[in-house]
Visitor: 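Take a look at the following structure, please.
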Amino acid sequence: VKDDDRRDEIARELDAELRFHFDQTVAELRRHGLDLDAARREARRRFGDQDDWRRRILRGDLRRPWSLRRAGEAVTRGFVGCARDLTSGARALAGVPLLSLSASAVFAIVGAAATIAVAMAGGVLVRPMPYPEPERLTYVWGRNPNVRAGFTNLPISEPDLADWRQRARDISAIGGAVPASLSLTGGGEPERVPAAAATGDLFAALGIEPIVGRVLTADDGLPGARPVVVIGHDLWRRRFGGDRSAVGRLVTLNDRPTEIVGVMPSGFSFPRVEEIASHYGFEQGIAAWVPWRSGDAGPVVLGNRYVIVAARLAPHSTRQAAERELNAIAAALRRGDTGGQSFVLISFRDQAVAGVRGSLWLLAASVVVLAGIAALNLAHLLLVRVGDRHRQFAIRAALGATRLALVRQIVAEAVLLALIGGAAGLAAGAAALRGVRALAPADFPRLDATVVDGTVMLTASAAVLLAALVVGAGAAVGLRRVSLEGELRTTSRGNTARRQSGRWLVGVEVAMSVLLLVAGGLLARSFWRVATADPGFDATGVLTFRLTMPPGRYPTGADVRRGYDAVLAELGSQTGIVRAALTWQLPMTGVEASASYRRDDGTHAMALIHRVSPGYFTAMGMRVVRGCGLDCESDLPAVVLNESAVRAHWNGRDPIGHTIAVNGERSRITGIVSDVRHGSLEQAPAAELYQRARLRTMFVVVRSDRAVEEVAAISRAAVATVDPGLAVSDMRTLDDRLSATTARRRFTMTGIGIFAALSTLLALVGVYGVTALLAARRRPEIAIRLALGATPRSATWLLLRQNAAIVAAGLVGGLAGALVVSRQLAPHLYQTSPTDPPVYVAVIVLLAAAAGVATVVPARRAGRVSPREALQGE
Amino acid sequence: VQLQPGTLNLFILRALVDGPRHGFAVIAWLRDASAGELAIEEGALYHALHRMERQGWLAAEWGSSEHNRQAKYYRLTPIGRRELQRQTKAWNRYAALAAAVLRPTTRRS
């Protein structure tokens with residue numbers, strides 16, 4: 001009815017226009033002298049066949065032109081139509097439960113992968129850092145090409161920090177932290193609390209307010225000030241039950257009564273070792289902050305760097321300006337002679353994610369490839385379904401359905417599958433994210449920011465729906481090739497050629513899995529190379545733990561030395577313990593400090609400095625190359641260099657017996673020890689020197705031939721025998737610490753490996769599906785061939801040949817792609833070329849074999865068909 | 001002179017450059033511009049006007065004619081204006097090419 005009204009209106013308008021034209025023409029002709037009849041005849045002649053033109057114009061006008069109102073109507077109609085499409089789609093899918101189920105499952109994989117990828121990448125890389133105005137926060141690091149410290153970012157020396165705090169105008173606050181060791185005693189087990197000693201300005205720079213009490217101030221660090229501590233939220237809840245009156249209470253820290261003056265908010269911890277890329281002597285999960293007294297951590301000289309420095313940029317300054325200013329101030333302090341020392345500012349975010357940004361992008365890229373393979377698989381599945389439904393579509397078309405309506409139905413089915421599968425996938429992804437977080441290495445930064453919230457859900461849903469639309473549209477392309485009118489006249493037989501469309505999708509799937517498998521293979525090979533790299537020490541059978549001599553009962557250096565000697569003697573007397581020794585810093589826990597030493601010819605050299613007890617080299621399984629290590633008698637304090645230091649600093653001269661000055665202290669070189677990879681297995685050894693020392697906090701290294709549990713018990717007992725108030729903490733085997741350094745690499749490799757495996761599985765399902773389909777469709781033909789005397793083997797071959805071409809094309813395409821793409825992997829590889837031949841060969845052999853199996857199984861089944869059965873089945 | 005295929009649209013576009021016109025005025029302009037030499041079936045012209053309106057090259061609205069009668073006036077849309085420039089350029093090049101190709105040569109075999 002509405003259409004009729006519209007038609008009448010358009011016709012009326014056209015007639016009015018044409019009447020005006022005739023009236024004008026006739027009027028003009030009459031002005032030229034024709035009479036009315038002649039004028040009308042002439043006007044009609046000039047116009048041509050009036051009825052015909054009118055009909056043609058009208059037909060054109062009835063095709064709907066675009067207008068806003070009509071577009072609005074169309075959208076409304078579209079929604080109604082969509083709802084109808086979805087219900088009819090649901091009915092259609094219910095008829096093919098197996099296909100629907102498997103298609104939803106694939107969408108679920110896409111949904112889960114998208115959820116994890118978005119939550120991880122978004123949380124770590126995009127979510128703002130948990131500080132006020134985080135973009136103004138930067139770390140300040142030293143850089144010195146003469147110092148190879150196992151890390152590029154060197155800590156800061158105290159004089160530099162003090163100078164900047166006084167003079168710098170481009171920063172509004174600057175503060176530092178050094179590792180501190182706290183034993184909390186009284187009211188239960190002695191407990192060691194991971195802690196930092198902080199300057200008063202550190203909290204001002206970070207801008208975090210306490211939830212109860214106050215933060216540390218500069219006055220707290222003055223000599224003679226009352227001992228105070230600020231504690232973290234978790235410690236407050238755990239040890240003090242979240243009681244606000246805990247502030248003001250006295251606790252026993254390192255045997256001294258100390259007042260709790262403040263509690264920091266939940267989630268706050270600084271510095272976080274996972275965000276500063278190396279440990280610098282800090283422990284994981286810093287939970288208490290004490291004032292820092294200048295000189296506590298060593299001599300206050302420019303060459304002694306141990307402070308982690310954070311600065312807040314002044315409101316109108318920039319990182320570049322501040323960096324220039326700090327460098328200028330530092331140069332002035334050194335009277336222009338910087339000796340290669342410079343300073344860089346790195347924003348909190350860049351610092352936090354620098355180590356994992358590449359891995360996360362890599363994982364995200366794999367998710368995209370995996371989703372792509374899944375989408376192709378689905379597209380193929382639906383394409384096959386379209387092929388099988390041509391008759392149904394043809395009937396609908398004959399009953400008046402437009403082609404658009406048919407396409408809409410296909411897309412609606414894909415969307416429906418995506419809704420069901422995607423919802424399940426999102427839920428599974430959210431659950432799996434917990435698993436991923438549990439599996440992630442402990443030093444993975446910003447894991448607490450990887451949560452599934454509304455934004456993540458929306459983004460992941462959008463990704464799934466997009467995949468559904470692409471899949472649906474791809475399948476609808478199959479419809480385009482079909483002449484719907486012709487379909488009704490043919491029977492179901494004899495359309496094989498047309499219905500093979502979509503086999504190329506499987507080739508693309510194979511190519512994409514080659515990409516992921518090559519990436520996974522290269523990463524696995526790198527991991528293997530790293531894991532089997534020689535660290536320079538023997539980690540098996542070594543237990544390590546931290547020990548602190550609390551200043552209350554061990555006030556002087558002599559007391560500390562006596563305490564440690566007693567512990568070592570007690571440990572050494574136990575059966576089964578080969579050697580026990582001390583070190584200030586273990587390998588793989590972050591290297592603490594570098595120092596410059598002066599050779600006897602007056603020249604300076606830079607080396608990492610280690611403070612150890614004499615038995616350290618034996619306990620660690622290191623080799624004393626020459627000389628007598630730290631054990632031998634010497635007039636001056638003994639110093640041992642490693643081979644790298646000798647190579648780098650001594651020009652082939654033998655350093656043994658020479659005197660050097662380390663941090664101003666005259667010492668004699670007594671030996672040369674083998675190199676150790678100190679920072680990580682991937683970093684070449686640096687120049688290092690070893691001194692004898694027993695500092696307040698040390699790692700105890702115990703080499704033993706007994707089981708770990710026994711050694712742990714023996715060690716605890718031995719320490720308790722010496723002093724029951726000593727807190728043992730951070731007890732781990734050296735093997736454990738070693739494998740922790742490869743944890744990130746293992747995480748990336750495992751992630752990519754899982755994606756590669758899933759993608760290969762999907763691709764093989766595709767190969768299997770294509771062959772099975774082909775076999776099913778050619779059953780009658782094969783039956784006839786067999787009836788005419790062909791062998792089952794030749795029938796199988798027929799199918800194999802057809803698929804081999806596609807798989808081979810996929811392999812070649814994938815290899816070509818991998819050769820190009822793998823270059824992007826180079827930063828993630830270790831001693832492995834992006835074109836490593838064994839990896840490529842292995843991938844090809846693996847995929848070709850798997851694809852062969854996926855083809856042979858259905859192909860052989862087709863070859864075994866009994867001619868009679870197959871012909872009757874038709 | 002018979003109309004060459006494809007040129008009617010172009011002529012109509014050109015007729016509307018000076019401002020909105022109704023169909024009769026477009027015909028009158030074409031007759032003047034071609035000195036009465038062009039033979040067009042006027043029905044075809046209206047057909048073309050309607051088609052170009054649907055394509056968005058022209059917009060139409062009803063307005064009062066000089067004799068105070070309601071008439072349907074067509075005017076160029078920005079799309080139509082661009083189309084006119086494009087087609088004019090193409091046609092001129094073609095015309096020049098045709099002239100060059102068909103130039104009588106002096107040398108005869």
Side-chain angles (χ1 to χ4, degrees), chain A residues 3 5-34 36-74, chain B residues 1-3 5 8-9 11-12 15-16 20-32 34-75 77-80 83:
Chain A
D3 278 359
D5 287 353
R6 181 171 160 265
R7 193 193 157 86
D8 288 351
E9 194 190 316
I10 289 173
R12 265 201 304 279
E13 194 182 319
L14 175 63
D15 290 342
E17 186 182 14
L18 295 183
R19 203 173 315 116
F20 173 79
H21 170 81
F22 270 101
D23 292 351
Q24 293 293 105
T25 314
V26 169
E28 194 194 347
L29 289 170
R30 292 195 64 183
R31 272 202 299 283
H32 283 84
L34 271 69
L36 189 60
D37 277 355
R40 283 184 174 155
R41 266 200 311 277
E42 174 62 11
R44 258 184 235 116
R45 189 195 61 76
R46 286 189 184 178
F47 196 83
D49 185 340
Q50 195 181 344
D51 287 345
D52 186 50
W53 281 121
R54 182 177 173 279
R55 211 175 56 240
R56 284 167 70 176
I57 294 172
L58 209 50
R59 197 164 62 209
D61 284 355
L62 282 171
R63 282 190 210 132
R64 286 165 185 271
W66 191 87
S67 86
L68 203 61
R69 192 169 56 88
R70 282 171 187 157
E73 286 169 6
Chain B
V1 178
Q2 278 295 316
L3 201 61
L8 181 57
N9 285 350
F11 291 162
I12 292 174
L16 296 174
R21 284 196 160 97
H22 47 66
F24 180 77
V26 170
I27 291 168
W29 183 88
L30 265 179
R31 198 168 44 226
D32 289 351
S34 66
E37 295 250 350
L38 214 51
I40 306 174
E41 248 183 48
E42 289 165 359
L45 184 118
Y46 277 95
H47 189 236
L49 280 170
H50 279 242
R51 194 180 56 235
M52 286 157 75
E53 182 190 353
R54 250 193 342 269
Q55 280 172 331
W57 295 1
L58 307 181
E61 59 195 45
W62 287 82
S64 297
S65 76
E66 49 270 38
H67 303 303
N68 217 12
R69 271 191 63 180
Q70 287 294 305
K72 194 176 176 188
Y73 281 84
Y74 296 88
R75 63 180 167 77
T77 62
I79 304 173
E83 197 60 30

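Here is how names work: the chains are called A, B, and so on, in the same order as the sequence lines, proteins then strands, and each is numbered from 1. Heavy-atom basis, side chains included; hydrogens, waters and symmetry copies ignored.
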Visitor: Side chain, backbone, both or neither: which part of B:Ile27 has a heavy atom under 4.5 Å from chain A?
Guide: side chain
Visitor: Which atoms of A:Ala27 are under 4.5 Å from chain B, going by heavy atoms: the side chain, the backbone, both sets, or neither?
Guide: neither
Visitor: If I take atom CZ from residue B:Arg31 and atom CZ from residue A:Arg46, how far apart are they, to the nearest 0.5 angstrom?
Guide: 5.0 Å
Visitor: Does atom CZ of A:Arg40 have more than 12 heavy-atom neighbours from other groups under 6.0 Å away?
Guide: no
Visitor: Is B:Ala44 in contact with chain A via its backbone, its side chain, both, or neither, using a 4.5 Å heavy-atom distance?
Guide: both
Visitor: With a 4.5 angstrom heavy-atom cut-off, which part of A:Leu58 approaches chain B: side chain, backbone, both or neither?
Guide: neither
Visitor: To the nearest 0.5 Å, tell me how far A:His21 NE2 sits from B:Tyr46 OH.
Guide: 4.5 Å
Visitor: With a 4.5 angstrom heavy-atom cut-off, which part of A:Glu28 approaches chain B: side chain, backbone, both or neither?
Guide: side chain
Visitor: At what distance, to the nearest 0.5 angstrom, does CG of A:Leu14 lie from NZ of B:Lys72?
Guide: 7.5 Å
Visitor: Let me confirm one number: the CD-CZ distance from B:Glu42 to A:Arg44, rounded to the nearest 0.5 Å.
Guide: 13.0 Å
Visitor: Before accepting this row, confirm whether a basic side-chain N of the pair B:Glu41/A:Arg56 lies closer than 4.0 Å to the acidic partner's carboxylate O.
Guide: no
Visitor: Between A:Glu13, A:Gln50, A:Arg54, A:Arg19, which residue shows the highest count of heavy-atom pairs closer than 4.5 Å to chain B?
Guide: A:Glu13
Visitor: Report which part of A:Asp52 has an atom under 4.5 Å of a heavy atom belonging to chain B: side chain, backbone, both, or neither.
Guide: neither
Visitor: What are the two closest heavy atoms between B:Arg54 and A:Asp61, and how far apart are they?
Guide: NH1-N, 3.3 Å
Visitor: Checking B:Gln70 against chain A: side chain, backbone, both or neither under 4.5 Å from a heavy atom?
Guide: backbone
Visitor: Kindly assign one of parallel, tilted or perpendicular to the pair A:Trp53 and B:His47, based on the angle between their ring planes and the thresholds 30° and 60°.
Guide: tilted
